[in-house]
**Q** 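I am attaching a structure below and will ask some questions about it afterwards.
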Amino acid sequence: MSIQRGLLLGVLIIGLAAPVAAQQSTTVTQADIQRLQDNVYLADRDLSQARSRDAARATQLQAELDDLRDEVVYLKVKLRKERTLSRSEYADVRDRIDDLRSRARGESASPVSSSSSSSSTSASAAVAPAPRPASPAPVSPAPSSSSTSTTSTASTRTTAPAGTVEIPVGTEIDVRLQNALNSGTNQVEDRFEATTLVDVGVNSRIVIPAGSLMRGVLTQVEPATRTNRTARMTVSFDQVTVNGQPYAIRGTVSQAIEGSGIKGETARIGTGAGVGAVIGGLLGGFKGALAGILIGGGGTIAATEGKEVQLPQGTVLRVRLDSPAYIAPPAR
């Protein structure tokens with residue numbers, strides 16, 4: 001009798017475990033969404049190279065990529081709010097990004113339709129939850145905060161695309177915020193803009209002129225609450241525009257100072273001022289680090305007084321590049 005009960009119990013456990021295992025194999029995680037974001041970043045790099053071959057085609061693909069970037073943001077927010085996301089939704093966006101990358105590199109690729117991808121992804125989901133590997137890319141994957149040192153070494157060996165100049169990992173760029181940011185009112189994936197304060201040069205050649213527009217994004221926002229007295233906000237930058245042309249970058253904030261403490265305007269900055277001149281004190285007269293905040297790794301800014309993280313309009317941020325940037329410098 002006890003043997004029969006043991007067998008029945010074993011069958012019951014196996015029956016309950018099978019659906020759980022199947023569900024885990026088809027569950028989309030934050031790591032999957034991060035892979036989508038990395039693939040969007042690589043697609044942007046592919047388009048930067050494609051512009052030298054066919055500018056009109058690259059412009060068309062850029063519009064598609066912008067839509068895909070918005071869809072990735074939607075999936076990220078949906079996963080965070082609903083705590084679940086179907087594998088078919090994820091795979092559809094993944095396949096379309098891969099298809100766009102193939103077309104940007106000039107490879108033959110058939111358009112991916114929603115209906116076909118939905119039918120084909122059910123099979124792929126049963127095999128493994130990880131995204132299928134894309135065709136070899138001309139650049140190495142964008143580094144995460146935990147693997148920057150490893151990936152950046154490989155990235156520095158990559159030859160810059162024709163007509164562009166490589167701005168190496170670790171380069172620091174001083175920018176002035178055009179929008180106020182607040183952990184109590186802003187949300188994850190909110191976009192904002194800043195302008196560069198000094199020329200960024202490589203080998204005595206100006207690559208990013210002072211006044212260039214940089215686009216930022218909030219990747220984490222934790223407002224202060226009764227139970228969470230430490231508000232946090234992660235600030236990063238993913239694009240810079242030079243001569244009207246956008247270029248993909250990956251940079252995080254490492255320092256912030258009060259904008260009102262800087263003497264004069266950017267017009268008073270000589271062309272010989274190097275990167276970091278503003279925060280480094282060449283201009284003098286600034287009050288120092290913005291009060292009430294601490295900046296940790298990965299650009300995460302935390303409030304130190306139990307209040308919200310506040311970055312007023314005009315705040316000067318030092319942005320450190322986490323991966324090489326390839327930019328076509330302005331004509332001399």
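Everything quoted here is computed from the prediction, not taken from an experiment. Just so you know, these numbers use all the heavy atoms, side chains as well, and skip hydrogens, waters and symmetry mates.
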**Q** Hydrophobic cluster membership, with links at side-chain heavy-atom distances under 4.5 Å among I/L/V/M/F/W/Y: are Val188 and Met233 in one?
**A**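 Yes, one cluster joins them.
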**Q** Does the side chain of Gln220 pick up a donor-acceptor pair with the side chain of Glu222 at under 3.5 Å?
**A**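 A pair is found: one side chain offers a donor N or O, the other an acceptor, under 3.5 Å apart.
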**Q** Identify the heavy atoms of Thr315 and Pro312 that sit nearest to each other, and give their distance.
**A**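 Residues Thr315 and Pro312, closest heavy atoms: OG1-O, 2.6 Å.
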**Q** Quick one: pull up CG in Leu75 and CZ in Arg94 and give me the separation to the nearest 0.5 Å.
**A**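 Nearest 0.5 Å value for the CG-CZ distance: 12.5 Å.
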**Q** If you draw a 6.0 Å radius around CD in Gln187, do more than 12 non-hydrogen atoms from other residues or ligands fall strictly inside?
**A**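 12 or below, so no.
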**Q** Check Ile249, Ile173, Val217 against Phe237 for a side chain to side chain contact (heavy atoms under 4.5 Å, CB included) and give me the one that passes.
**A**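 Single pass found, and it is Ile249.
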**Q** Quick check for you: to the nearest 0.5 Å, what is the distance between Leu65 atom CG and Leu61 atom CG?
**A**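 Between atom CG of Leu65 and atom CG of Leu61 there are 8.5 Å.
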**Q** Which atom pair, heavy atoms only, marks the closest approach of Asp322 to Gly251?
**A**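 Closest pair (atom of Asp322, atom of Gly251, distance): OD2-C, 4.0 Å.
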**Q** Just wondering, do Arg250 and Asp238 contact through their side chains at under 4.5 Å, heavy atoms?
**A**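 No, their side chains stay 4.5 Å or more apart.
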**Q** Quiz question: by atom type and distance under 3.5 Å, do the side chains of Asn186 and Asp190 form a donor-acceptor pair?
**A**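 Indeed, the side chains of Asn186 and Asp190 share at least one donor-acceptor pair under 3.5 Å.
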**Q** Would a distance-only check, ignoring hydrogens and angles, find a side-chain to backbone donor-acceptor pair under 3.5 Å from Asn179 to Glu193?
**A**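 Present.
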**Q** Should Leu36 and Lys76 count as side-chain neighbours, where that means a heavy-atom distance under 4.5 Å?
**A**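 No. Closest side-chain heavy atoms not under 4.5 Å.
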**Q** Does Ala210 offer a backbone N or O that forms a donor-acceptor pair with the side chain of Asp199 under 3.5 Å?
**A**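 Side chain of Asp199 to backbone of Ala210, a donor-acceptor pair under 3.5 Å: yes, one is there.
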**Q** Are Val240 and Leu213 close enough that some pair of their side-chain heavy atoms sits under 4.5 Å apart?
**A**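 Contact flag for Val240/Leu213 side chains = no.
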**Q** Contact between Phe192 and Gln178 at the side-chain level, heavy atoms closer than 4.5 Å - yes or no?
**A**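 They are not in side-chain contact.
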**Q** Any salt bridge linking Arg96 with Asp99? Criterion: basic side-chain nitrogen under 4.0 Å from a carboxylate oxygen.
**A**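 Looking at Arg96 and Asp99, the cut-off is not met.
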**Q** When rounded to the nearest 0.5 angstrom, what distance separates CD1 in Ile208 from OG1 in Thr241?
**A**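 Separation between the atoms: 10.0 Å.
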**Q** Has the side chain of Ser183 got a donor or acceptor atom that lies under 3.5 Å from a matching backbone atom of Val309?
**A**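 The answer is yes, because a donor-acceptor pair under 3.5 Å joins these two groups.
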**Q** Quick one: do Asn39 and Asp98 satisfy side chain to side chain contact (heavy atoms under 4.5 Å, CB included)? Show the steps, please.
**A** CA-CA 8 Å; Asn39 285 343; Asp98 289 347; 4.2 Å; yes
**Q** Side chain of Asp66, backbone of Ala63: donor and acceptor closer than 3.5 Å?
**A**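 No, Asp66 side chain to Ala63 backbone: no donor-acceptor pair under 3.5 Å.
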**Q** Side chain to side chain contact (heavy atoms under 4.5 Å, CB included) for Leu177 and Leu317? Distances and angles first, verdict last.
**A** CA-CA 7 Å; Leu177 272 181; Leu317 303 176; 3.9 Å; yes
**Q** Any chain of hydrophobic side-chain contacts (each under 4.5 Å) joining Val319 to Val202?
**A**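 Hydrophobic grouping puts Val319 with Val202.
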**Q** In the structure I gave you, are the side-chain heavy atoms of Glu107 and Arg101 within less than 4.5 Å of one another anywhere?
**A**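 No; the side chains remain at least 4.5 Å from each other.
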**Q** Just checking, any donor-acceptor pair under 3.5 angstrom between side chains of Ser323 and Tyr41?
**A**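 A pair is found: one side chain offers a donor N or O, the other an acceptor, under 3.5 Å apart.
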**Q** Hey, does Ile167 have a side-chain heavy atom less than 4.5 Å from the side chain of Ile327?
**A**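 They are in side-chain contact.
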**Q** Ignoring hydrogens and geometry, is there a side-chain-to-backbone donor-acceptor pair from Glu308 to Ala224 under 3.5 Å?
**A**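 The answer is yes, because a donor-acceptor pair under 3.5 Å joins these two groups.
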**Q** With a 3.5 Å distance limit and no angle check, can you tell me whether Asn182 reaches the backbone of Gly184 through a side-chain donor-acceptor pair?
**A**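 Such a contact is found between Asn182 side chain and Gly184 backbone.
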**Q** Between Thr196 and Gly211, is there a donor-acceptor pair closer than 3.5 Å when you use the side chain of the first and the backbone of the second?
**A**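 Pair found, side chain donor or acceptor close to backbone of Gly211.
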**Q** Regarding Thr252 and Ser236, is there a side-chain donor-to-acceptor distance under 3.5 Å anywhere?
**A**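 Result is no, nothing qualifies.
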**Q** Could you walk me through whether Gln30 and Leu79 pass the side chain to side chain contact (heavy atoms under 4.5 Å, CB included) test, one step at a time?
**A** CA-CA 8 Å; Gln30 289 292 348; Leu79 178 60; 3.8 Å; yes
**Q** Run Leu218 and Leu181 through side chain to side chain contact (heavy atoms under 4.5 Å, CB included) and show every step you take.
**A** CA-CA 9 Å; Leu218 298 180; Leu181 300 176; 4.1 Å; yes
**Q** Report the residue from Arg103, Arg51, Gln62 that forms a side chain to side chain contact (heavy atoms under 4.5 Å, CB included) with Arg57.
**A**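 The side chain to side chain contact (heavy atoms under 4.5 Å, CB included) with Arg57 is passed solely by Arg103 among Arg103, Arg51, Gln62.
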**Q** Under 3.5 Å, is there a donor-acceptor pair between the side chain of Arg53 and the main chain of Ala104?
**A**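 Yes, the answer is positive, given that a donor and an acceptor are paired below the 3.5 Å cut-off.
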**Q** Where do Val242 and Ala328 come nearest, in terms of heavy atoms and distance?
**A**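 Taking Val242 first and Ala328 second, the nearest heavy atoms are CG1-O, 4.2 Å.
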**Q** Nearest 0.5 Å, please: how far is OH in Tyr247 from OG in Ser48?
**A**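 Rounded to the nearest 0.5 Å, the OG-OH separation comes out at 7.0 Å.
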**Q** Can any side-chain N or O of Arg87 pair as donor or acceptor with the backbone N or O of Thr27 at less than 3.5 Å?
**A**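 At least one qualifying donor-acceptor pair exists.
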**Q** Testing the basics here: between Gly163 and Pro329, what is the closest heavy-atom pair and its distance to 0.1 Å?
**A**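 Looks like O-CD, 3.8 Å.
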**Q** Is any side-chain heavy atom of Leu197 closer than 4.5 Å to one of Val175?
**A**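 Not touching, per the 4.5 Å side-chain cut-off.
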**Q** Hey, is the main chain of Ala55 close enough, under 3.5 Å, to the side chain of Thr59 for a donor-acceptor pair?
**A**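 Side chain of Thr59 to backbone of Ala55, a donor-acceptor pair under 3.5 Å: yes, one is there.
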**Q** How long is the straight-line distance from CG of Asp32 back to CD of Gln37, given to the nearest 0.5 Å?
**A**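 That separation rounds to 11.5 Å.
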**Q** With heavy-atom distances below 4.5 Å as the criterion, would you say the side chains of Leu321 and Val169 are in contact?
**A**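 They are not in contact (no side-chain heavy atoms under 4.5 Å apart), so the answer is no.
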**Q** For the atom pair CZ (Arg318) and CD (Gln255), what is the distance rounded to the nearest 0.5 Å?
**A**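 Rounded to the nearest 0.5 Å, the CZ-CD separation comes to 5.5 Å.
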